[in-house]
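A quick write-up on the structure given underneath.
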Number of protein chains: 2
Amino acid sequence: MDEPTGLRERKKQRTREAISNAAIALFFEHGFDQVSISRIAQVAEVSRRTLFAYFPAKEDLVLHRIADHETESARIVRDHPGAPLAALRAHFMDGLDRRDPITGLCDVPAAVALYRLIMGTPSLAAGMLRYRGSSEVALAEALRERAPELTARLAAAQIMAVQWRLAEDNQQLIADGTSADDAYPAAVDAARQGFELLSKGLESILGTD
Amino acid sequence: MDEPTGLRERKKQRTREAISNAAIALFFEHGFDQVSISRIAQVAEVSRRTLFAYFPAKEDLVLHRIADHETESARIVRDHPGAPLAALRAHFMDGLDRRDPITGLCDVPAAVALYRLIMGTPSLAAGMLRYRGSSEVALAEALRERAPELTARLAAAQIMAVQWRLAEDNQQLIADGTSADDAYPAAVDAARQGFELLSKGLESILGTD
DNA sequence: GTGCAAAAGTAGACTTAGTGCAATATAGCA
DNA sequence: TGCTATATTGCACTAAGTCTACTTTTGCAC
């Protein structure tokens with residue numbers, strides 16, 4: 001599954017990474033808007049036109065790095081026969097333990113810089129939101145096998161909303177300089193409360209009627 | 001509060017609307033990407049440069065029409081002394097009754113066309129998501145006076161997620177040709193269930209542990 | 001190895017969004 | 001009537017992204 005054709009594919013992969021690496025490095029140094037496509041192509045030793053063959057838009061040079069986890073929650077639900085909410089909760093908690101970037105609790109410099117880059121660049125932040133939308137759709141799809149259509153869509157919306165809120169809060173803390181280890185206890189508490197709200201509802205806190 | 005200075009302000013307002021109207025009409029007819037800024041400026045009888053003085057980006061020509069309700073949920077919470085969730089629920093239900101566009105249950109042709117335009121244009125849809133993010137922030141702010149910081153943020157995320165899911169589902173139905181009156185009963189049921197899930201939680205449906 | 005078809009890469013012109021600047025026109029007011 | 005602030009304009013400029021035609025490279029058959 002690694003070399004369907006061989007040399008040609010491997011070379012394409014290397015070119016793709018060369019372009020991406022050059023782009024990210026330049027973005028880190030000068031900022032997204034201060035680096036032109038031409039400059040990236042020049043550093044990656046590729047023509048401008050070739051760059052666009054690999055990445056259809058400038059934003060993709062950054063966002064392709066995250067666009068691989070969008071079906072993660074859906075996969076968790078599908079892979080676990082038991083209660084979906086419990087499985088998602090356990091997976092998130094495990095992610096915090098492993099300092100998985102997807103939980104926001106990762107202070108590896110490259111990840112922090114990437115987060116800062118994205119959040120500090122409106123067009124990249126917008127791409128992030130689109131990606132969040134895809135995650136919700138995928139999760140709803142997975143939940144459809146466990147609950148009625150409407151419930152699945154509503155639940156998916158709520159669940160992804162909470163997971164993103166938790167991850168964003170963690171990332172913000174880390175971006176502000178807190179180490180992952182220092183942030184860990186509070187992150188676990190927050191996650192506990194987030195999933196508690198999901199399962200038990202908001203009634204006891206915000207009332208209902 | 002209507003004429004702080006007078007003529008000058010009124011004229012600006014008229015120019016702004018002339019530009020916006022020209023833009024929307026052209027977009028409806030040819031599609032967002034098929035209409036250039038120059039063409040819009042020409043139809044609105046304004047210079048290209050002036051157009052950009054009123055709308056900093058092409059997307060704003062469309063999105064400014066929706067960008068006024070982003071603090072609506074927050075306002076509802078602030079204006080009601082009682083249980084926030086009940087107030088939001090009542091407001092949404094009332095919105096369905098009134099066929100308020102914000103609930104998605106509005107089949108006025110112009111509103112339907114606007115929805116189709118936005119959803120069919122990636123950059124506009126992205127703007128919509130940003131707007132949704134602002135709503136969440138505003139709601140969290142309002143809830144902060146009724147609940148602890150973290151709870152407020154998590155609850156706001158869940159609530160806006162559900163409201164948007166409901167509104168989007170309604171809009172989709174209308175965009176597919178269903179009349180608002182025909183869609184109403186199902187929309188009410190969906191809203192009932194959405195707010196039920198918010199207040200009671202997902203435990204009974206998706207389990208927890 | 002040689003040659004050939006397909007895929008990858010290149011060059012350069014073109015369209016359009018958005019900005020900077022300097023010049024002009026106009027509303028509000030003395 | 002003239003002064004000032006603000007609105008408007010024209011023009012040149014940068015940069016993203018597309019189009020087309022051309023050249024190089026790769027995989028493969030012989």
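Computed from a prediction, not measured in an experiment: that's the story for all the values here. Letters go in sequence order (proteins before strands), and every chain restarts at 1.
- In this structure, B/I19 atom CD1 and D/dA7 atom C1' are separated by 12 Å, rounded to whole Å.
- For the pair A/D181 and A/R99, the salt-bridge criterion is met [side-chain N within less than 4.0 Å of a carboxylate O].
- Between the CD atom of B/E9 and the C1' atom of C/dA27 there is a distance of 11 Å, given to the nearest Å.
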Which protein N or O atoms sit under 3.5 Å from an N or O of nucleotides 9-14 of chain C?
| residue | atom | partner | partner atom | Å |
| --- | --- | --- | --- | --- |
| C/dG9 | OP1 | A/Y54 | OH | 2.9 |
| C/dG9 | OP2 | A/Y54 | OH | 2.9 |
| C/dT10 | OP2 | A/S47 | N | 2.9 |
| C/dT10 | OP2 | A/S47 | OG | 3.2 |
| C/dT10 | OP2 | A/T50 | OG1 | 2.5 |

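- B/I37 has its CD1 atom 11 Å from the P atom of C/dT16, to the nearest Å.
- In this entry the distance linking CD of B/Q34 with P of D/dT18 reads 13 Å, nearest Å.
- Rounded to whole Å, the distance from NZ on B/K58 to C1' on D/dG17 is 13 Å.
- For B/R132 and B/E70, the salt-bridge test fails: no basic side-chain N is under 4.0 Å from an acidic carboxylate O.
- Contact check on A/R144 versus A/E141 returns a salt bridge, with a Lys/Arg side-chain nitrogen under 4.0 Å from an Asp/Glu carboxylate oxygen.
- If you measure from atom CG of A/D60 to atom C1' of D/dG17, you get 12 Å, rounded to the nearest angstrom.
- One atom, CZ of A/R10, and another, C1' of D/dT26, lie 12 Å apart when rounded to the nearest Å.
- For B/L61 and C/dA17, the CG to C1' distance is 12 Å, given to the nearest whole Å.
- Classified by interplanar angle (parallel below 30°, tilted 30° to 60°, perpendicular above 60°), the ring pair A/F32/A/F27 is tilted.
- Between A/A22 and A/I40 the shortest heavy-atom distance is CB-O, 4.4 Å.
- Between B/R153 and B/E136, no side-chain nitrogen of the basic residue sits less than 4.0 Å from a carboxylate oxygen of the acidic one, so the salt-bridge criterion is not met.
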